[in-house]
Number of protein chains: 2
Amino acid sequence: MTSAAKRKAETEPTPSLGGLETTVGFVLRLAQVAVFKDLLAALKPFDLRVTDLSVLLVIEATPGLQQRAIGDMLRIQRPNLVIILDQLQARGLVRRDPVPGDRRSYALSITPEGAALLRGAKAAHAAHDRKVLEALGDLEKERMLTVLERIAAI
Amino acid sequence: MTSAAKRKAETEPTPSLGGLETTVGFVLRLAQVAVFKDLLAALKPFDLRVTDLSVLLVIEATPGLQQRAIGDMLRIQRPNLVIILDQLQARGLVRRDPVPGDRRSYALSITPEGAALLRGAKAAHAAHDRKVLEALGDLEKERMLTVLERIAAI
DNA sequence: TATTGTTATACTCTATAACTATA
DNA sequence: TATAGTTATAGAGTATAACAATA
C-alpha cells in the first residue's frame with residue numbers, strides 16, 4: 001500500500017447508502033434507468049427513442065387514434081406530443097389524416113415505411129424485453145406486473 | 001347519447017396500448033414515476049427533493065465522506081452534486097470541512113440543523129415507504145429488491 | 001363554452017468539456 | 001500526470017399558459 005493509499009484508507013470511512021439500498025423506491029429507480037438505457041441502445045439502429053416506439057406501437061394498435069388519446073394513454077403532454085409526431089411524420093413514418101366530422105383533430109396511422117421500421121424495432125424491443133424477463137428469475141411476469149401496477153396506483 | 005357523442009363513438013376506435021401494458025419496462029416506469037411523485041410530495045414540507053434526501057442520508061450514514069464518493073454511490077455527476085451541496089450548505093444543513101492531508105477535497109457532514117430537519121424528513125420517508133410496501137401485497141420485500149437489483153444490473 | 005392541436009416558453013434533470021488547485 | 005472540486009453550458013424530458021380553429 002502506498003503512503004497515499006494508506007492515508008486515504010485512514011481518512012475515508014467505508015461509505016454506506018444509509019438505508020437507501022433497502023428501499024423499494026431507490027432500487028426501482030435504478031432498475032427503471034437501466035431498462036430505459038438498454039432499450040434506448042436497442043432502438044438506436046432505428047433512430048427511435050423509447051417514447052417514439054411507444055407512440056408508434058399505440059398508433060399501430062389503434063389506427064385512427066387522435067393525438068389527445070395517445071397523450072392520455074402514454075402520459076405525454078399534448079404540446080410535447082406535437083413535436084414527437086411532427087418528427088415521425090417528417091420521417092414519413094406516420095400520417096395525420098382528416099377526421100370526418102371533426103376538423104379540429106387528426107386520425108393518426110402508420111405508413112408502410114413506418115410499418116417496415118416498426119417490424120425491426122419490435123424485434124429489437126422483444127429481444128430487450130426477454131433480457132428483462134430473464135432478470136425476473138422464477139418470479140412470474142404476471143406477479144411482477146401486478147405489483148408494479150399497484151405501486152403505480154399509489 | 002348526444003349526436004356528438006354518438007359520432008365520436010363511431011369514429012374513435014377503442015384504444016389499446018399495443019402490448020406495452022404487459023411489458024415490464026413500461027409498468028416499471030409508471031411505478032417509478034408514481035413513487036417519486038409521492039415521495040416528492042411527502043418531502044415538500046421540508047423543502048427537500050428526492051435527491052436532496054438521498055444525499056443527506058448518505059452523508060449522515062458516513063460523515064466525512066467526500067463529494068466524489070457520494071456522486072459515485074448515488075450516480076450523480078460531480079458537477080451536479082456541487083450545486084446540490086451548495087444549496088444544502090447555504091441552508092445550513094451540511095458542512096464542508098477540510099480534510100487533513102488532502103486540501104483538494106472536503107469532508108462532508110450534517111449540521112445539527114440538518115440533523116433536525118432529517119429527523120422529520122426520515123419520518124415522512126418512512127411513512128411513504130410503508131405505502132409502497134403495502135402495494136407489494138404478499139410479495140416479500142427482499143424478493144422484490146432482489147429482482148429489481150437484477151434488472152438494474154442488466 | 002369547451003375541445004383539439006399548436007406555439008412559445010420554462011423548468012428540472014442529466015451530461016460534458018474545460019478550468020483550478022492540489023496530489 | 002492524475003484527482004477533487006468547480007464553472008459554464010448543453011441536452012433531454014417534462015410542464016404550463018395562451019392562442020386559433022372548430023365543436
Side-chain angles (χ1 to χ4, degrees), chain A residues 2-8 11-12 15 29-30 32-34 36-37 39-40 43-44 47-55 64-72 74-89 94-108, chain B residues 2-8 11-12 29-30 32-34 36-37 40 43-44 47-55 64-90 94-108:
Chain A
T2 67
S3 69
K6 181 185 282 184
R7 191 163 57 250
K8 193 173 179 180
T11 311
E12 289 181 17
R29 164 87 176 153
L30 294 183
Q32 188 263 305
V33 168
F36 267 54
K37 189 170 292 182
L39 180 53
L40 180 64
L43 294 177
K44 195 93 176 181
D47 195 21
L48 293 174
R49 292 160 301 182
V50 177
T51 311
D52 296 326
L53 174 66
S54 66
V55 167
L65 218 53
Q66 300 178 9
Q67 297 185 193
R68 170 68 180 248
I70 296 177
D72 288 348
L74 294 176
R75 313 203 184 179
I76 302 172
Q77 303 290 327
R78 272 77 66 194
N80 299 329
L81 190 57
V82 170
I83 310 296
I84 295 170
L85 287 172
D86 282 352
Q87 295 166 343
L88 294 176
Q89 188 178 27
V94 303
R95 299 181 44 172
R96 285 194 250 222
D97 288 316
V99 171
D102 190 342
R103 286 189 295 167
R104 291 173 305 179
S105 53
Y106 298 113
L108 296 161
Chain B
T2 66
S3 70
K6 182 185 281 184
R7 191 164 56 250
K8 194 173 179 178
T11 311
E12 289 181 19
R29 164 88 176 153
L30 294 183
Q32 188 262 304
V33 168
F36 268 54
K37 189 170 293 181
L40 179 64
L43 294 177
K44 195 94 175 181
D47 194 21
L48 293 174
R49 292 160 303 182
V50 177
T51 312
D52 297 325
L53 175 66
S54 65
V55 168
L65 218 53
Q66 300 178 9
Q67 296 184 194
R68 170 68 180 247
I70 297 178
D72 288 347
M73 296 172 70
L74 295 176
R75 314 204 185 177
I76 302 173
Q77 303 290 327
R78 272 78 69 199
N80 299 328
L81 189 58
V82 170
I83 311 296
I84 295 171
L85 286 171
D86 282 351
Q87 296 167 343
L88 294 177
Q89 188 178 26
V94 303
R95 300 180 44 171
R96 285 195 250 223
D97 288 317
V99 171
D102 191 340
R103 285 190 295 168
R104 290 174 305 180
S105 54
Y106 299 114
L108 296 161

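Just so we're on the same page: letters track the sequence lines, and every chain starts at 1. Given the structure is predicted, the values throughout are model-derived calculations rather than measurements.
Between B:Ile83 atom CD1 and D:dT6 atom P there is a gap of 9 Å when expressed in whole angstrom units. Rounded to whole Å, the distance from CZ on A:Arg103 to P on C:dT6 is 16 Å. Protein atom CD1 of A:Ile70 is 19 Å distant from nucleotide atom P of C:dT3, rounded to whole Å. The interatomic distance linking A:Asp86 (CG) with C:dT6 (C1') rounds to 9 Å, in whole Å. Distance CD (B:Gln66) to C1' (C:dT22): 12 Å, rounded to an integer number of Å. Summarising the geometry, the separation between CZ on A:Arg104 and P on D:dC19 is reported as 19 Å, rounded to the nearest angstrom. In this structure, the CG atom of A:Leu85 is 15 Å from the P atom of C:dT4, given to the nearest Å. For the pair B:Ile76 CD1 and C:dT12 P, the computed distance is 16 Å after rounding to whole Å.
The phosphate of C:dT6 (OP1 or OP2) has a side-chain N or O of A:Gln67 nearer than 4.0 angstrom. Side-chain nitrogen and oxygen atoms of A:Arg29 include none within less than 4.0 Å of the OP1 or OP2 phosphate oxygen of C:dC13. The phosphate of D:dA4 has OP1 or OP2 within less than 4.0 Å of a side-chain N or O from B:Arg68. A close approach under 4.0 Å does occur between a side-chain nitrogen or oxygen of A:Arg49 and OP1 or OP2 of D:dG13.
Closest contact between the side chain of A:Val82 and the listed nucleotides D:dA4, C:dT6, C:dA2 involves C:dT6.
Shortest non-hydrogen contact noted between B:Val99 and B:Tyr106 is CG2-C, 3.5 Å. The two atoms that bring A:Leu48 and A:Leu40 nearest to each other are O-CD1, 4.3 Å, heavy atoms only.
Within 6.0 Å of atom CZ in B:Arg96, more than 12 heavy atoms from other residues, nucleotides or ligands are found, so the atom counts as buried in its surroundings.
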Only distances under 3.5 Å count here; give the side-chain donor-acceptor pairs of residues 74-85 of chain B to other protein atoms, sequence neighbours excluded, each with its distance to 0.1 Å.
none

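Two residues, B:Tyr106 and A:Thr51, neighbour DNA chain D, and the one matched to the more 5' nucleotide by heavy-atom proximity is B:Tyr106.
One finds the NZ atom of B:Lys44 at 11.5 Å from the CZ atom of B:Arg49 (value rounded to the nearest 0.5 Å). For the atom pair CZ of A:Arg68 and CZ of A:Arg104, the computed distance is 10.5 Å after rounding to the nearest 0.5 Å. In this structure, B:Leu108 CG and B:Gln89 CD are separated by 8.5 Å, a value rounded to the nearest 0.5 Å.
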Using the 3.5 Å cut-off, write out each protein N or O paired with an N or O of nucleotides 15-19 of chain C and the distance between them.
from	atom 1	to	atom 2	distance (Å)
C:dA15	N7	B:Asn80	OD1	3.4
C:dA15	N7	B:Asn80	ND2	3.0
C:dA15	N6	B:Asn80	OD1	2.9

